[in-house]
Protein chains: 2
Amino acid sequence: MIRVLLAEDQAMVRGALSALLNLESDIEVLGSACDGEAAWRELQKLKPDVLVTDIEMPGLTGLELAQRIQRHELPIKVIIVTTFARPGFLRRALDAGVSGYLLKDAPAENLAEALRTVHRGGRAIDPQLALEAWSEADPLNDRERQVLRLAGEGQSAGDIATALNLSHGTVRNYLSEAIGKLGVANRIEAYRLARQKGWL
Amino acid sequence: MIRVLLAEDQAMVRGALSALLNLESDIEVLGSACDGEAAWRELQKLKPDVLVTDIEMPGLTGLELAQRIQRHELPIKVIIVTTFARPGFLRRALDAGVSGYLLKDAPAENLAEALRTVHRGGRAIDPQLALEAWSEADPLNDRERQVLRLAGEGQSAGDIATALNLSHGTVRNYLSEAIGKLGVANRIEAYRLARQKGWL
DNA sequence: GCGCGCGAGTGACGCTTGTCACACGCGATG
DNA sequence: CATCGCGTGTGACAAGCGTCACTCGCGCGC
């Protein structure tokens, strides 16, 4: 019997996934949580074999949750199930020691299958995403990331400078750098591209 | 027996919802589709009582699908199930004659309940969203919307002008209008705000 | 100690944006 | 018919943006 905890912020999807897994005779859904912190508490109480978690959740994200499990060396496998086919996310997930990474685009049967594979000690990584993940590294450095994030929220160079205690000119230099590295024409495209790749 | 067709682009969520609904003894999932066009074809073949559809799907969106059903006066109720609590979306959905509008944030039991209500001829609208929907009207006109959409993709005034067969100055006038109406400082914020409200 | 790279800042250049006042044509309304 | 509103276009201006060449200081390796 594979004992599973489910973390997913959208209640309807959570309920539906739970129904889906409970159809399997060798899988038991112990419980579910609507955010990372709740999942962390349940985790310690219920001690499941596998945690199935989304990435985007209020408060603690699925990636941070996986990191925390790794740091505490808990004997719990992690499977990430997410909407986002962002190579950067998969990379960070692997660094956090997760055993599975599936897309919500994948057929529903894959989930139970992945659970079994992981429970047996294997790994279940979306194959085409795995390729992309190693093909392209994040070219941005920390400053460029910070600046780009704020620029994407509509802040001007001046605003960003104040927020980061930099000079207005330096901010524009970083933005220019980022735009150049990403091969796009302006900050908006740069933000969109970086975000889509999961570099944020 | 309530006969249901499911339209949802994310295969895993689709499978999970299907499993969820099939647990109910009075509900039968006839089939499912992964985009709007596929749903439209299935609809005519299977003639379900109720269509449960997401909004964001490749090609034809759930809203457009609902409009099409309304125009053809098909005897099929529509329930929208979406991630987005955007007042503008609900508004457009109601204009398209849908009977239900649920958020994926809502508890999973609500879906079956909503299906029954709608099948009985009632309506199932997320209550708190219903309030917001009438509080704020979309201040943008068609041109402003088009221009803002393209601006949000990083296109310059010149690019947008070419795309819409307008002059470069006119595009800037529209953008300025939109920025003013939304009370923000630049195109990026304008895009974000409009998008969040569902005015897009 | 010297040079090197790197983070940060400066100043200048030309282009893009955001704003505004104004003009034109056209359909609706009086 | 005159007039209004509306969509569109123009021209001008200031501010912001993207780029580049250059500077300064600091830590690191040789």
- Please report, rounded to the nearest Å, how far the C1' atom of dT17(C) is from the CD1 atom of Ile188(A). 10 Å
- Message: Show the nearest heavy-atom pair for residues Gly36(B) and Leu65(B), with the distance to one decimal.
- Response: O-CD1, 3.7 Å
- Within residues 165-180 of chain A: residues closer than 4.0 Å to DNA chain C (heavy atoms): Leu166(A), Ser167(A), Gly169(A), Thr170(A), Arg172(A), Asn173(A), Tyr174(A)
For residues 174-191 of chain B, dump all side-chain donor-acceptor pairs below 3.5 Å to protein atoms at least two apart in sequence or in another chain.
from      : atom 1 : to        : atom 2 : distance (Å)
Lys181(B) : NZ     : Pro139(B) : O      : 3.1
Lys181(B) : NZ     : Glu144(B) : OE1    : 2.9
Lys181(B) : NZ     : Glu144(B) : OE2    : 3.2
Asn186(B) : OD1    : Ile188(B) : N      : 3.1
Asn186(B) : OD1    : Glu189(B) : N      : 3.0
Asn186(B) : ND2    : Gly154(A) : O      : 2.7
Glu189(B) : OE1    : Ala185(B) : N      : 3.2

- The first and last nucleotides of DNA chain D lying within contact of chain B, meaning any atom under 4.0 Å from one of its heavy atoms, run from dG7(D) to dA12(D)
- Query: Rounded to the nearest Å, what distance is computed from the CZ atom of residue Arg143(A) to the C1' atom of nucleotide dG5(C)?
  - Reply: 18 Å
- Give the other cluster members for Leu23(A), using side-chain heavy-atom distances under 4.5 Å between Ile, Leu, Val, Met, Phe, Trp and Tyr residues; answer none if it is isolated. Leu23(B)
Taking only distance into account, with no hydrogens and no angle test, what donor-acceptor pairs under 3.5 Å do side-chain atoms of residues 89-99 of chain B form with protein atoms, sequence neighbours excluded?
from     : atom 1 : to        : atom 2 : distance (Å)
Arg91(B) : NH1    : Ala133(B) : O      : 2.5
Arg91(B) : NH1    : Glu136(B) : O      : 3.2
Arg92(B) : NH2    : Gly198(B) : O      : 2.7

- Can Arg149(B) and Gln146(B) be said to form a side chain to side chain donor-acceptor pair (under 3.5 Å), step by step? CA-CA 5 Å; Arg149(B) 230 190 308 257; Gln146(B) 286 177 55; over 6 Å; no
- Do Asp159(B) side-chain atoms and Ser156(B) backbone N/O form a donor-acceptor pair below 3.5 Å? yes
- Item | Separation of atom CD in Glu144(B) from atom P in dG18(C), rounded to whole Å | 14 Å
- Would you mind reading off the distance between Leu148(B) atom CG and dT17(C) atom P, rounded to a whole angstrom? 13 Å
- Message: I need the CZ-C1' distance between Arg187(B) and dT19(C), as an integer number of Å.
- Response: 13 Å
- Message: Tell me the closest heavy-atom pair linking Ala114(A) and Ala124(A), and the distance in Å.
- Response: CB-CB, 3.6 Å
- Not counting sequence neighbours, which residues clear ring pair (Phe, Tyr, Trp, His ring centres under 6.0 Å) with His168(B)? List them please. none
